[in-house]
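Take a look at the structure set out below.
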Amino acid sequence: MNTNLQNKLSMWMVLRDFLRVNTATTDPLPGFATLFVLLNGTVEQVLVIMNALGTDTKGNAGEKRLTREQLVLKATELAAIVRAYAVMAGNARLQQQMNISKSSLAVLSDSSLLASTQEIYNKALELAGAIKEYGGTQEMIETLQGLITQYMLLIPAPRTAIDEHKHTQEELLAVMQAGDTTVDKMDALVETIRFANPLFYSDYYTRRKIIKTGHRTRSLQLWVVDDESGEPLAKANVTVRAKAGSELWKSVKNTGEQGGTFINDLDAGEYLYEVAIGGYSTATGSFFINDGIMTEVIVRLKK
């Protein structure tokens, strides 16, 4: 599961826990309660598939406990910094939101801990410039998000569901797409109360944002050059797709002035590429991505 999917799942979990305590606002919206059930089911299904795929969720209890302790500690530290800023800025609402202790986080359930720590991260990231003088560094913010993602992946899914099903990467992407559809419908319903309930609307979209982690890995560096001269070709159209389940994942980019383009956070596996530019024959081929290793591809186009 790549970083982009992890970030989206993290957002869904935060949104789910927010909606769980705001049913008085959402239940009157037609069909919203059903959509919430679908979102909750999607989150659980994704966690099950992640386990079946062996996505770093087999870690033992000791690893989970250690990660939880680190998460609680870092979240408490960052919340105190944001709270100090809120006190000095006279922002009573933010001050109350960040009135968080280590002991209060330590007793939360897994999902509630993820929701609470993600909210701390969201606020810290939003106020990154303002909290610098209080000791809130970009490194601290990125470390917190990394711990959130790591802990999320250590939460065990129901064992029976894993044993009964054989899951694939394509199934994971299909489930994620279904989740996108569910959340898009939620968005449409929330828009209808934008002016009637502006506070809920604002809080909903604060949690609706997908927060990208600072830990990105360049998976592919692709160069396009003239076959005869070796000169780089700018503005070449590059299409990259997964060989398996190609209808579910595709990236289209143009090369820069130096003839290059790149893609971050690709899952391990085989990919296909197609490169085209006016005046040259279209080139196709394939390459493999291995975890933690950047693959470099040079495509030579013939006139």
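Hydrogens, waters and symmetry mates play no part in the numbers below; they use all other heavy atoms, side chains included.
Between Ala124 and Ile131, the closest heavy-atom pair is O-CD1, 3.8 Å. The nearest pair of heavy atoms linking Val224 to Ala236 is CG1-CB, 4.1 Å. Among all heavy-atom pairs drawn from Val299 and Ala283, the shortest one is CG1-CB, 3.7 Å. Closest of all the heavy-atom pairs between Thr117 and Leu144 is O-CD2, 3.9 Å. Listed here is the closest heavy atom pair of Thr192 and Leu29: OG1-CD2, 3.8 Å. Leu35 and Thr182 make their closest contact through O-CG2, 3.4 Å (heavy atoms, listed as atom of the first residue, atom of the second, distance).
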Quiz: residues 91-100 side-chain donor-acceptor pairs under 3.5 angstrom, not counting sequence neighbours:
{"residue": "Asn91", "atom": "OD1", "partner": "Arg93", "partner atom": "N", "Å": "3.4"}
{"residue": "Asn91", "atom": "OD1", "partner": "Leu94", "partner atom": "N", "Å": "3.0"}
{"residue": "Arg93", "atom": "NH2", "partner": "Asp203", "partner atom": "OD1", "Å": "3.1"}
{"residue": "Arg93", "atom": "NH2", "partner": "Asp203", "partner atom": "OD2", "Å": "2.9"}

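Here Lys253 contributes atom NZ and Leu220 contributes atom CG; the two are 8.5 Å apart, rounded to the nearest 0.5 Å. Rounding to the nearest 0.5 Å gives a distance of 7.5 Å between OH of Tyr204 and CZ of Phe200. The line from OG of Ser219 to CG of Asn264 is 6.5 Å long, rounded to the nearest 0.5 Å. Here CG of Leu114 is found 7.0 Å from CG of Leu71. Values are rounded to the nearest 0.5 Å. In this structure, OH on Tyr134 lies 14.0 Å from CG on Leu78, to the nearest 0.5 angstrom. Within the model, atoms OG1 of Thr295 and CD1 of Ile289 stand 3.5 Å from one another, a figure rounded to the nearest 0.5 Å.
Hydrophobic clustering places Leu125 together with Met11 (ILVMFWY residues linked when any side-chain heavy atoms are closer than 4.5 Å, directly or through intermediates). One hydrophobic cluster, built from ILVMFWY side chains closer than 4.5 Å, cannot hold both Trp223 and Val238; they sit in different ones. Clustering ILVMFWY residues whenever any of their side-chain heavy atoms sit less than 4.5 angstrom apart, transitively, puts Val225 in a cluster other than the one holding Ile277. Under the 4.5 Å side-chain heavy-atom criterion for grouping Ile, Leu, Val, Met, Phe, Trp and Tyr, Leu73 is not connected to Ile120 through any hydrophobic cluster. Linking ILVMFWY side-chain heavy atoms closer than 4.5 Å, directly or via other members, places Trp12 and Val14 in two distinct hydrophobic clusters.
Between Thr25 and the options Leu19, Ile193, Leu199, a side-chain contact (heavy atoms from CB on, under 4.5 Å) holds for only Ile193.
Taking 4.5 Å as the limit, every side-chain heavy atom of Thr137 sits out of range of all side-chain heavy atoms of Lys132. With contacts defined as side-chain heavy-atom distances shorter than 4.5 Å, the pair Leu105/Leu113 qualifies. At a threshold of 4.5 Å between non-hydrogen side-chain atoms, the residues Glu270 and Phe287 do not count as touching. The closest side-chain heavy-atom distance from Thr42 to Val175 is below 4.5 Å. In this structure, Arg194 and Val190 have side chains that are not in contact, with every pair of non-hydrogen atoms separated by 4.5 Å or more. Taking the side chain as every heavy atom from C-beta outward, Tyr121 and Ile148 approach each other to under 4.5 Å.
For CD of Gln258, the number of neighbouring non-hydrogen atoms (other residues, nucleotides, ligands) closer than 6.0 Å is 12 at most.
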Kindly indicate, with the supporting measurements, whether the criterion side-chain contact (heavy atoms from CB on, under 4.5 Å) is fulfilled by Thr284 and Leu272.
CA-CA 7 Å; Thr284 60; Leu272 307 176; over 6 Å; no
With ring pair (Phe, Tyr, Trp, His ring centres under 6.0 Å) as the test, would you mind laying out the steps for Tyr205 and Tyr201 before giving the verdict?
CA-CA 6 Å; Tyr205 276 102; Tyr201 180 88; 4.9 Å; yes
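Among residue pairs with one or both ends in residues 14-30, those qualifying as salt bridge (Lys or Arg N to Asp or Glu O under 4.0 Å) are Arg16-Glu44, Asp17-Arg20; sequence neighbours excluded. Residue pairs meeting the salt bridge (Lys or Arg N to Asp or Glu O under 4.0 Å) criterion with at least one member in residues 71-88, sequence neighbours excluded: Lys74-Glu77. Applying the salt bridge (Lys or Arg N to Asp or Glu O under 4.0 Å) rule to pairs touching residues 219-236 yields Asp227-Arg300, sequence neighbours excluded. Sorted by first and then second residue, the pairs that involve residues 180-189 and meet salt bridge (Lys or Arg N to Asp or Glu O under 4.0 Å), not counting sequence neighbours, are Lys8-Asp180, Asp184-Arg208, Asp187-Arg208.
In terms of modelled atom types and a separation under 3.5 Å, the side chain of Gln221 and the main chain of Thr261 share a donor-acceptor contact. Judged by distance alone, with hydrogens and angles left aside, the side-chain atoms of Asn22 form a donor-acceptor pair with the main-chain N or O of Phe18 at under 3.5 Å.
The closest side-chain donor-acceptor pair between Tyr85 and Glu133, if any, does not fall under 3.5 angstrom. Side-chain atoms of Arg68 and Tyr151 include a donor-acceptor pair closer than 3.5 Å.
Under the side-chain contact (heavy atoms from CB on, under 4.5 Å) criterion, Ser103 pairs with Ser101, sequence neighbours left out.
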